[in-house]
Amino acid sequence: MSICEEVEDKSKRLGFAATIKTAQAGGRVRPERKKTPAEIRRMKAVGGGKMEPVGPYKPRKDIGSQRDSSTRQQQPEQERGSARERQLAAAKAERAAAARARAAAKKGGSATTTEKPKAKPKDLSKEASKLLSTKKAEEKPATRTNRQWRTETGAGMTPSERAKARQKEKAEKLKARKAELIKDFTEKNGRPPKGKEKTQLLGLAHSTVKSGV
């Protein structure tokens, strides 16, 4: 007798219908839910201003194997009846006793000594108005926006293309800053910088471009 016939026979004797799950394609335990290449909508840049769909996705290495719950869920670190559980039970009983005491005091018409009298809505409104009138407007920090690097055709760039474009832009800024510093020095001293003076100006240009000043 096969396993399916044995399960079916046992289910008939116990009075319920057994659900037998057969293995899916590729040895999967459950049906595959990955999108097909035609269904994928996310695109990636492949260079030269061209875009292609992302995928296909690689299959998991653990297909067909059931994961043990101990690898997915936090297991108890202490035995039942430990000191921690007794402490939690005592705290729960204390909270329940305090709740019963408050309910009895409320039913009897007397307020407990630990409860504070509730503030009136009028007083709360006055306090809120006072806080709003003295509160200073806080300056929001400037939010940094990520630059969207695009090709001339408007398509996305690959990481290498973005790095080249970023380096080219940095070189142009550095060149313009060097020319500006040398021009200012020449106009001020009547001669172009030499030796150590030129080295200092070049270092200043690098530091200002790096810091974004």
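Atom NZ of Lys178 sits in a crowded spot, with more than 12 heavy atoms from other residues, nucleotides or ligands closer than 6.0 Å. Within a 6.0 Å sphere centred on CZ of Arg42, heavy atoms belonging to other residues, nucleotides or ligands number 12 at most.
Listed here is the closest heavy atom pair of Ala155 and Gly49: CB-O, 3.1 Å.
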- Query: Should Met43 and Val54 be marked as a side chain to side chain contact (heavy atoms under 4.5 Å, CB included) after you check the CA-CA gap, both sets of side-chain angles, and the distance that decides it?
  - Reply: CA-CA 5 Å; Met43 308 290 284; Val54 177; 5.8 Å; no
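Here the CG atom belonging to Leu174 is positioned 12.5 Å from the CD atom belonging to Glu169, to the nearest 0.5 angstrom. The structure places CZ of Phe185 at 4.5 Å from CZ of Arg191, a figure rounded to the nearest 0.5 Å. Rounded to the nearest 0.5 angstrom, Lys175 NZ and Lys173 NZ are separated by 16.0 Å. In this structure, the separation between NZ on Lys183 and CD on Glu180 is 8.5 Å, given to the nearest 0.5 Å. Between the OG1 atom in Thr208 and the CZ atom in Arg177 there is a gap of 4.5 Å [rounded to 0.5 Å].
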Per-pair distances, 0.1 Å, donor-acceptor, side chain in residues 85-94, under 3.5 Å, sequence neighbours excluded:
| unit_1 | atom_1 | unit_2 | atom_2 | d |
| --- | --- | --- | --- | --- |
| Glu85 | OE1 | Gly81 | N | 3.1 |
| Arg86 | NH1 | Gly81 | O | 2.5 |

Acceptor/donor pairs from residues 156-168 side chains to any protein atom, 3.5 angstrom cut, sequence neighbours excluded:
| unit_1 | atom_1 | unit_2 | atom_2 | d |
| --- | --- | --- | --- | --- |
| Thr158 | OG1 | Ser160 | OG | 3.2 |
| Thr158 | OG1 | Glu161 | N | 3.3 |
| Glu161 | OE1 | Thr158 | N | 3.1 |
| Glu161 | OE2 | Gly48 | N | 2.9 |
| Arg162 | NH1 | Met157 | O | 2.8 |

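Classification of Glu197 and Lys194 as a salt-bridged pair fails, no side-chain N sitting under 4.0 Å from a carboxylate O.
A distance-only check finds no donor-acceptor pair linking the side chain of Thr186 to the backbone of Gly190 [under 3.5 Å].
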